Amino acid sequence: MSLPDPCKQKISGFQRSCILLFRGRQSRRNRYAGILPVVLLFALCLCGCRRQDPSAQISDVGFYFDTVVELRLNGTSDQKLIDRCFEKMGQYEALLSRTREGSDVWKINHSAGKPVEVSDDTAALIALAQKYYELSDGAFDITVAPYVTIWDFPNNTGQIPAEASIAAARIHVGLPLLHLDGNTVTLDDPRASVDLGGIAKGYIADRLKEFLEEEGVTSGYINLGGNMLTIGSKPGDIPWNIGIRRPFGEASDTIATVKVDGLSVVTSGPYERYFEKDGKIYHHILDPASGYPVWNGLASVTILSESSADGDALSTACFVLGLERGMELIESLDDIEALFVTEDGELCYSSGFPEE
Ligand code: ADP
Ligand code: MG
């Protein structure tokens with residue numbers, strides 16, 4: 001019988017711990033030696049059965065990162081895997097939240113210009129954010145945090161900030177103010193700050209997928225508030241059919257669907273966090289150059305990619321760049337596809353986007 005590699009590792013690890021456990025007892029009581037093979041066989045059987053039950057399926061929802069998250073795992077009924085994922089989400093939240101006191105991001109933002117040591121995850125995320133800042137010509141910029149604080153979505157229910165406060169924040173925005181050297185982060189300007197909201201969920205989804213695959217999961221998905229990362233395909237080798245939400249429509253109202261197998265599908269749009277005033281939509285995707293929400297005729301951008309961190313950064317970046325420059329960026333990248341939806345309801349697909 002051949003098993004997938006992670007499954008093999010799991011069984012051999014379990015085997016090892018069984019052997020160690022019984023070796024200790026054996027030295028004290030030799031009469032237990034006889035039951036070792038029986039117990040071992042039973043344990044192997046249990047382990048193997050759990051891994052190979054194609055009809056098993058578990059799912060759960062939680063609330064992290066200010067949004068509803070959902071996990072679905074096929075081929076296993078091991079609730080512990082889901083619990084571990086939720087535990088990890090809590091840990092990432094405590095590390096990456098801008099508002100949580102003591103998080104890495106909070107420490108950077110309260111560093112008063114002094115160097116701060118951050119975790120490997122935070123350093124990796126900032127390095128990735130720097131890459132997308134360069135690629136997007138500054139459209140994706142995690143130092144928009146001073147504007148994010150002023151606009152205060154989703155708490156803001158209709159207050160347009162004073163132009164003067166946005167203008168005052170403008171001189172404290174710009175990724176070149178931040179330096180990353182290994183795990184050390186320094187902000188040149190004590191009033192500069194960072195916000196990882198445009199990329200963190202994608203990065204976390206990637207880490208959760210890695211963990212689940214190491215645990216032998218071959219089918220499922222991780223949905224972090226609409227950031228969808230699939231694991232393999234559905235049972236029976238059927239691709240996942242992911243609905244792309246109609247901007248400003250009901251959550252279940254889709255404007256398109258895409259079939260994927262192990263890919264990430266991430267959408268950015270103004271309709272998640274916004275208020276409307278005098279016929280204008282004020283939303284949470286901000287133009288780093290102006291400090292105001294982006295108004296460029298786009299209603300959403302969806303990115304297909306292997307890595308969800310790439311998809312998350314690119315969906316925000318392309319939303320800021322607009323249809324023309326955003327599409328140009330996508331076409332310049334290998335293995336990344338996009339769907340841009342305009343306010344007029346037009347659907348613009350990149351050249352390699354899979355047909356429905
Ligand atoms: P969502 O958080 O709804 O999944 P996005 O991935 O598009 O949506 O991220 C939007 C969040 O990213 C904002 O709430 C804010 O925290 C941050 N952000 C806003 N504008 C930018 C920008 N130009 N570059 C980087 N991050 C941004
Ligand atoms: Mg994003």
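Being a predicted model, the structure only gives us computed values, none of them experimental. Start at 1 and go down the list; that is how both ligands and their atoms are numbered.
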**Report entry** Centroid-centroid under 6.0 Å between Trp295 and Tyr282 rings
**Finding:**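 Distance test on ring centres: under 6.0 Å, yes.
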Report task. Taking the six-membered ring for Trp and the single ring otherwise, decide whether the centroids of Tyr274 and Phe248 are under 6.0 Å apart. Result -> yes
Requested in this report: Begin with the C-alpha distance, continue with both residues' side-chain angles, and end with the deciding distance and a verdict on side chain to side chain contact (heavy atoms under 4.5 Å, CB included) for Leu135 and Leu333.
Outcome: CA-CA 10 Å; Leu135 271 178; Leu333 300 171; 4.3 Å; yes
Query raised in the report: Counting only heavy atoms not in Asp188, do more than 12 fall under 6.0 Å of its CG?
Result: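 More than 12 heavy atoms, drawn from other residues, nucleotides or ligands, come within 6.0 Å of this atom.
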Query raised in the report: Crowded around Gln159 CD? As in, over 12 foreign heavy atoms under 6.0 Å?
Result: no
Query raised in the report: Is the Tyr64 ring parallel, tilted or perpendicular to the Phe86 ring (thresholds 30°, 60°)?
Result: parallel
Considering heavy atoms of the protein only, find what lies nearest to [atom] and give residue, atom and distance to 0.1 Å.
atom	answer
atom 16 (O) of ligand 1	Asp195 OD1, 2.9 Å
atom 23 (N) of ligand 1	Leu286 O, 2.8 Å
atom 21 (C) of ligand 1	Val144 CG2, 3.8 Å
atom 17 (C) of ligand 1	Gly198 N, 3.8 Å
atom 14 (O) of ligand 1	His284 CD2, 3.2 Å
atom 24 (N) of ligand 1	Asp141 N, 3.0 Å

Report summary line: In terms of heavy-atom contacts, Ile244 and Leu339 come closest through CD1-CD2, 3.8 Å
Query raised in the report: Between Ile303 and Cys318, what is the shortest heavy-atom contact and its length?
Result: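 Looking at all heavy atoms of both residues, the closest pair is CD1-SG, 4.4 Å.
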**Report entry** With sequence neighbours excluded, residues passing side-chain hydrogen bond (donor to acceptor under 3.5 Å, both in side chains) with Asp344
**Finding:** none
Need the ligand 1 atom indices (1-based, order shown) with element for anything under 4.0 Å from a heavy-atom of [X].
X	result
Asp312	6 (O)
Pro288	23 (N)
Lys201	1 (P), 2 (O), 4 (O)
Val320	23 (N)
Ser268	5 (P), 6 (O), 7 (O)
Ala139	22 (C), 23 (N), 24 (N)
Thr316	5 (P), 6 (O), 7 (O), 9 (O)

Report task. Before giving the answer on side chain to side chain contact (heavy atoms under 4.5 Å, CB included), spell out for Leu71 and Met89 the whole-Å C-alpha distance, their side-chain angles and the decisive distance to 0.1 Å. Result -> CA-CA 12 Å; Leu71 290 168; Met89 287 187 217; 4.1 Å; yes
Report task. Output yes when the distance from some N or O of ligand 1 to some N or O of Ile142 is under 3.5 Å, and no in every other case. Result -> no
Query - Carboxylate-amine/guanidinium contact Lys80 Asp83, below 4.0 Å - result: no
Requested in this report: Under the side chain to side chain contact (heavy atoms under 4.5 Å, CB included) rule, what do Tyr349 and Glu337 come out as? Steps first, then yes or no, please.
Outcome: CA-CA 8 Å; Tyr349 292 92; Glu337 302 301 333; over 6 Å; no
Query raised in the report: Does the side chain to side chain contact (heavy atoms under 4.5 Å, CB included) test come out yes or no for Arg98 and Val148, once each step is laid out?
Result: CA-CA 10 Å; Arg98 180 175 55 89; Val148 173; 3.5 Å; yes
**Report entry** In the protein, N/O/S atoms that are found under 2.8 Å from the Mg ion (ligand 2), waters not counted
**Finding:**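 Atoms qualifying: Gly198 O, Asp312 O, Asp312 OD1, Thr316 OG1.
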**Report entry** Sub-4.0 Å heavy-atom approach of Gly202 to ligand 1
**Finding:**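 False for this residue.
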